[in-house]
*Asks:* 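First the structure, which I've put down as structure tokens, then a few questions once you've had a look.
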Number of protein chains: 2
Amino acid sequence: MLSSIVFYALDKAIRSYRRMAQANIDRAGLDITVDQWLVLRVLLEHDDLTQHDIAERVFKDQASVARILALLTRRGLLSAIPLPHDGRRTQLRVTEAGHRILEAVQPIILQNRAKALAGISEEELALMRPLLDRIALNCAPTS
Amino acid sequence: MLSSIVFYALDKAIRSYRRMAQANIDRAGLDITVDQWLVLRVLLEHDDLTQHDIAERVFKDQASVARILALLTRRGLLSAIPLPHDGRRTQLRVTEAGHRILEAVQPIILQNRAKALAGISEEELALMRPLLDRIALNCAPTS
DNA sequence: GCAACCTTTATGATATATCATAGTCTTTGC
DNA sequence: GCAAAGACTATGATATATCATAAAGGTTGC
């Protein structure tokens, strides 16, 4: 039965990609994880998000985001300045070091994607996308 | 660019599925994780595997498998009897309690898969499979 | 038989995933 | 304005992911 192994293939594909991506970042001597990169990337474009907002965008848990933000801040890739109008939140800004590492990682990410998708056409990707979205939708808590 | 978001959709689909699957197992009052279930399921059919063999089958790390096995044993779902011909290894056998929980989880897994794939045809799945396999192959360390 | 090598397992360190909850701050209803 | 409700962040507990390595056992060459 095909359905019984689709999830295994899905899991294997995404895990393989993540391992390869991380290995290539490491190999370039860049000290950042794929997940940290993803969050930092989001903050580059939106610096007024709550942890919950960030979590939604990167499809993670708020608790995971909190810990990733703490790590990014500890590593000097992110600065967190208290917001005057809300004592709970902080203004998150990618630092200079953060910008540098984002720029250094960017071409590696593009290479990784190209390598992962070698031999797959845009048409095939276009076929796959709605199916993946449908699975996510089918599994969503509210549905 | 489609390629830039395929991995996000992939990640989201598999994470959504895993969350839903775990939630349904929890809701049924069954105290086991999806990963533990997966490993236990493999051991049901093959009880002569090394941790490395198991890791390959479930696409995990040997270290992860070692910890999952320790947990399964600690919970009484698995028994580990030293093998006489190799002092490093043990004979892993699913216990009675292990069999019971596997049987209880099985129908839930089937429901989960059905729910996740609602509205997707076998033909569409058949299209997706080779693409996922191709991604995994493209990302494999040796390739 | 022994040394070198290989296999297998266990574990330390760190990062992430998840749930639950505590602590703090803000908003809303009245 | 105050109390209740809600929003936001931090953190504890546990599980998994990954790399590296230690520890122990097995195999091979000689």
Side-chain angles (χ1 to χ4, degrees), chain A residues 11-12 14-27 31-40 48-56 58-75 77-78 80-92 139 141, chain B residues 11-12 14-27 31-40 48-56 58-75 77-78 80-92 139 141:
Chain A
D11 194 58
K12 187 167 178 176
I14 194 67
R15 280 187 206 232
S16 299
Y17 174 70
R18 290 178 62 91
R19 284 180 194 174
M20 186 264 284
Q22 189 65 60
N24 285 340
I25 290 172
D26 294 348
R27 200 169 300 137
D31 187 21
I32 192 170
T33 68
V34 171
D35 294 298
Q36 288 166 14
W37 172 81
L38 191 59
V39 170
L40 200 58
D48 58 342
L49 301 175
T50 66
Q51 290 185 1
H52 186 262
D53 293 335
I54 299 169
E56 277 205 337
V58 299
F59 207 68
K60 291 178 185 300
D61 193 73
Q62 175 266 325
S64 300
V65 170
R67 277 155 178 141
I68 290 174
L69 291 178
L71 266 179
L72 287 171
T73 304
R74 176 142 62 81
R75 292 193 179 171
L77 304 180
L78 194 65
I81 303 153
L83 276 175
H85 68 280
D86 191 332
R88 298 165 298 184
R89 303 183 48 196
T90 56
Q91 167 87 19
L92 298 173
C139 295
Chain B
D11 194 58
K12 188 167 178 175
I14 194 67
R15 281 187 204 234
S16 298
Y17 175 70
R18 290 178 64 91
R19 284 181 194 173
M20 186 265 282
Q22 189 64 60
N24 285 338
I25 290 172
D26 295 347
R27 200 170 300 137
D31 187 22
I32 192 170
T33 68
V34 171
D35 294 300
Q36 288 166 16
W37 171 81
L38 191 59
V39 169
L40 200 58
D48 58 343
L49 301 175
T50 67
Q51 290 184 1
H52 186 263
D53 293 335
I54 298 169
E56 276 204 339
V58 298
F59 207 68
K60 291 179 185 300
D61 194 72
Q62 175 264 327
S64 300
V65 169
R67 278 154 177 140
I68 289 173
L69 291 178
L71 267 179
L72 287 171
T73 305
R74 176 142 60 81
R75 293 194 178 169
L77 305 180
L78 194 66
I81 303 154
L83 277 175
H85 67 281
D86 191 334
R88 298 166 297 184
R89 301 184 48 194
T90 57
Q91 169 87 19
L92 298 172
C139 295

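Protein chains get the first letters and strands the later ones, always in sequence-line order, with residue 1 at the start of each.
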*Asks:* Here's a test for you: under side chain to side chain contact (heavy atoms under 4.5 Å, CB included), which of Leu77(A), Leu78(A), Thr73(A) qualifies with Arg75(A)?
*Replies:*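 Of all the options given, the one that passes is Leu77(A).
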
*Asks:* Specify the separation, in whole Å, of atom CG of Leu69(B) and atom C1' of dA15(D).
*Replies:*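 For the pair Leu69(B) CG and dA15(D) C1', the rounded distance is 14 Å.
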
*Asks:* For Leu49(A) and dA7(D), what is the distance between atoms CG and P respectively, to the nearest whole Å?
*Replies:*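 Result: 17 Å.
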
*Asks:* Please state whether the phosphate of dG25(D), meaning OP1 or OP2, lies under 4.0 angstrom from any side-chain nitrogen or oxygen of Arg89(B).
*Replies:*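 The answer is no; no side-chain N or O of Arg89(B) sits under 4.0 Å from OP1 or OP2.
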
*Asks:* According to side chain to side chain contact (heavy atoms under 4.5 Å, CB included), who are the partners of Ser16(A), at least two apart in sequence or on a separate chain?
*Replies:*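 Testing Ser16(A) for side chain to side chain contact (heavy atoms under 4.5 Å, CB included), a comparison that skips the adjacent residues, returns Lys12(A), Phe59(B), Ala136(B), Cys139(B).
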
*Asks:* Which nucleotide, dT16(D), dT9(D), dA17(C), lies nearest any side-chain atom of Ile68(B)?
*Replies:*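 The nucleotide sitting nearest to the side chain is dT16(D).
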
*Asks:* Starting at CD of Gln51(A) and ending at P of dT16(C), how long is that distance when rounded to a whole Å?
*Replies:*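 Going from CD in Gln51(A) over to P in dT16(C) covers 14 Å.
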
*Asks:* Expressed in angstrom and rounded to an integer, what is the separation of His52(B) atom NE2 from dA10(C) atom P?
*Replies:*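 The answer, rounded to whole Å, is 15 Å.
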
*Asks:* Taking only residues two or more places apart in sequence, or in another chain, which ones meet Ala66(B) in a side chain to side chain contact (heavy atoms under 4.5 Å, CB included)?
*Replies:*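 Per chain and number, Ala66(B) pairs via side chain to side chain contact (heavy atoms under 4.5 Å, CB included) with Gln51(B), Gln62(B).
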
*Asks:* For the pair made of CD1 in Ile14(A) and P in dT16(C), what is the distance, rounded to whole Å?
*Replies:*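 My rounded result for the distance is 16 Å.
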
*Asks:* Can you tell me how far C1' of dA17(D) sits from CD of Gln36(A), to the nearest Å?
*Replies:*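 Computing the Gln36(A):CD to dA17(D):C1' distance gives 14 Å.
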
*Asks:* Grab the CD-C1' distance between Gln91(B) and dT8(C) for me, whole Å please.
*Replies:*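 One finds 16 Å between C1' of dT8(C) and CD of Gln91(B), rounded.
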
*Asks:* Taking only residues at least two apart or on different chains, which pairs with a member in residues 18-27 of chain A satisfy salt bridge (charged side-chain N to carboxylate O under 4.0 Å, His left out)?
*Replies:*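 Every pair satisfying salt bridge (charged side-chain N to carboxylate O under 4.0 Å, His left out) with a residue in residues 18-27 of chain A: Arg18(A)-Asp35(A).
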
*Asks:* Check every strand shown and say whether Leu71(B) touches a base, only sugar-phosphate, or nothing at a heavy-atom separation below 4.0 Å.
*Replies:*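 Touches sugar-phosphate only.
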
*Asks:* When you check every protein heavy atom under 4.0 Å of nucleotides 18-28 of chain C, what one-letter string (B, S, -) results, 5' to 3'?
*Replies:* BB----BBS--

*Asks:* Test of understanding: with side chain to side chain donor-acceptor pair (under 3.5 Å), list the residues that count as partners of Thr90(B), not counting sequence neighbours.
*Replies:*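 Scan of Thr90(B) (side chain to side chain donor-acceptor pair (under 3.5 Å), adjacent residues dropped) gives none.
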
*Asks:* Can you list everything that forms a side chain to side chain contact (heavy atoms under 4.5 Å, CB included) with Ala63(B)? Sequence neighbours excluded, please.
*Replies:*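 Residues passing side chain to side chain contact (heavy atoms under 4.5 Å, CB included) with Ala63(B): Asp61(B), Arg67(B).
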
*Asks:* If you assign each of Val34(A) and Thr90(B) to its closest nucleotide in DNA chain C, which residue comes earlier from the 5' end?
*Replies:*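 This one resolves to Thr90(B).
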
*Asks:* Is the side chain of Arg15(B) donor-acceptor paired with the backbone N or O of Lys60(A) at a distance under 3.5 Å, no angle test?
*Replies:*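 Looks like no, no N/O pair under 3.5 Å.
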
*Asks:* dA15(C) C1' sits how many Å from Leu77(A) CG, rounded?
*Replies:*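 About 15 Å, once rounded to whole Å.
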
